[in-house]
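Notes follow the structure.
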Amino acid sequence: MDLSKYNRKRDFDSTTEPKGEIKKSKNELIFVVQKHAASHLHYDFRLEMNGVLKSWAIPKGPSMNPEEKRLAILVEDHPYVYKDFEGIIPEGNYGAGTVIVWDNGTYTLADEHDKDEVESKLKEGLQKGHLSFILNGKKLKGEFALVKLKIKQKNAWILIKKNDEYANDADILLKNKSVISNSTLEELGK
């Protein structure tokens, strides 16, 4: 887990994004989904692992429908403190555009494990290209999986909602306000 790529891509004199430092939550592992209006609207799905937020850009956003598999592109690790970042990344900066915290919460592995082995199981799943986890967010709930695609694009994964009591075909993306500021992207952009 490394934040050098994150730090290299940013000019912290001109963006309010936090500097990259390794840090962990005290108790439960956290996840965050940030809606990001950059050159293309997308959702950044982030899972806390080993002191960083492993991050995937999801162009169409997450879905609660098990039939809708969503492309997820693995991007650079982000610092733990990025979990609360909302604001405008100024023009001329990497990822320029408006960001809101669309959802957040905690997560656990789908299989029961001792707390001590969770981090190693996450790392193992990441290397194997298959992570199964249960989200307990304000919007996203239940079991999901991230599965690496075996294609030339080495960072291509898919996010899949598992068929459980939370699965449904309603468009979860219509819930378009931040869980922190209660603002939409457009309201925050003003």
Side-chain angles (χ1 to χ4, degrees), residues 1-3 5-6 20 22 24-25 28-36 38 40-80 82-83 85 95 99-115 117-173 175 179:
M1 309 297 158
D2 183 21
L3 294 172
K5 190 173 183 183
Y6 169 88
I22 305 288
K24 293 182 178 188
S25 56
E28 298 178 280
L29 294 171
I30 61 103
F31 83 94
V32 64
V33 180
Q34 286 160 310
K35 189 174 180 181
H36 188 179
H40 295 87
L41 179 67
H42 65 280
Y43 293 74
D44 291 307
F45 183 81
R46 308 186 198 284
L47 295 174
E48 177 188 354
M49 283 186 209
N50 297 310
V52 301
L53 298 176
K54 287 307 272 186
S55 300
W56 290 261
I58 303 176
K60 292 186 178 181
S63 174
M64 294 298 286
N65 185 344
E67 301 296 316
E68 295 178 352
K69 295 165 179 57
R70 299 299 175 109
L71 178 65
I73 304 299
L74 184 64
V75 297
E76 76 274 9
D77 295 345
H78 281 58
Y80 174 81
Y82 208 91
K83 67 185 177 57
F85 177 72
V99 177
I100 62 170
V101 176
W102 181 81
D103 195 19
N104 62 14
T106 60
Y107 81 99
T108 58
L109 291 175
D111 301 326
E112 288 292 322
H113 295 284
D114 290 341
K115 188 176 179 186
E117 67 178 351
V118 169
E119 297 273 8
S120 64
K121 289 291 182 187
L122 286 169
K123 190 174 182 180
E124 180 182 310
L126 194 64
Q127 289 170 342
K128 287 183 178 179
H130 190 278
L131 294 165
S132 290
F133 45 88
I134 298 168
L135 298 180
N136 183 23
K138 294 174 181 76
K139 297 175 185 175
L140 299 176
K141 296 187 181 294
E143 189 172 352
F144 289 79
L146 274 163
V147 180
K148 188 172 184 178
L149 295 174
K150 294 178 180 12
I151 60 173
K152 287 184 181 182
Q153 188 176 357
K154 65 178 182 173
N155 292 335
W157 296 60
I158 53 171
L159 178 67
I160 305 164
K161 173 71 182 101
K162 298 291 185 137
N163 199 0
D164 61 17
E165 71 227 60
Y166 298 106
N168 64 70
D169 60 1
D171 187 356
I172 192 79
L173 301 180
K175 296 180 179 183
V179 295

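One-based numbering along the sequence shown.
- When the ring-ring contact (aromatic ring centres under 6.0 Å, His included) test is applied to Tyr43, the partners found at least two apart in sequence or on another chain are Trp102.
- Within the structure, side-chain hydrogen bond (donor to acceptor under 3.5 Å, both in side chains) pairs that include any residue of residues 61-74 comprise Ser63-Glu68, Glu68-Arg70 (at least two apart or interchain).
- When the side chain to side chain donor-acceptor pair (under 3.5 Å) test is applied to Asp44, the partners found at least two apart in sequence or on another chain are His36, His42, Arg46.
- Under the rule for a salt bridge (Lys or Arg N to Asp or Glu O under 4.0 Å), the partners of Lys161 that lie at least two apart in sequence or sit in another chain are Asp164.
- Tyr80 is linked by a ring-ring contact (aromatic ring centres under 6.0 Å, His included) to nothing, counting only residues two or more places apart in sequence or in another chain.
- Partners of Leu149 under the side chain to side chain contact (heavy atoms under 4.5 Å, CB included) rule, at least two apart in sequence or in another chain, are Leu71, Ile151, Ala156, Ile158.
- Glu48 is linked by a side chain to side chain donor-acceptor pair (under 3.5 Å) to Ser25, counting only residues two or more places apart in sequence or in another chain.
- Among pairs with a residue in residues 125-140, those fulfilling salt bridge (charged side-chain N to carboxylate O under 4.0 Å, His left out) read Glu124-Lys128, at least two apart in sequence or across chains.
- With sequence neighbours excluded, no residue forms a salt bridge (Lys or Arg N to Asp or Glu O under 4.0 Å) with Glu143.
- A search for side chain to side chain contact (heavy atoms under 4.5 Å, CB included) contacts involving Thr106 returns Glu28, Asn136, not counting sequence neighbours.
- Residues forming a side chain to side chain donor-acceptor pair (under 3.5 Å) with Tyr107 (at least two apart in sequence, or on another chain): none.
- A salt bridge does not link Asp77 with Lys5: none of the charged nitrogens is closer than 4.0 Å to a carboxylate oxygen.
- Scored by the side chain to side chain contact (heavy atoms under 4.5 Å, CB included) test, Lys148 finds Trp157 as partners (sequence neighbours excluded).
- Ring geometry, His78 versus Tyr82: the interplanar angle exceeds 60°, so the pair is classed perpendicular (tilted spans 30 to 60°).
- Atom CD1 of Ile160 is separated from atom CG of Leu146 by 8.5 Å, given to the nearest 0.5 angstrom.
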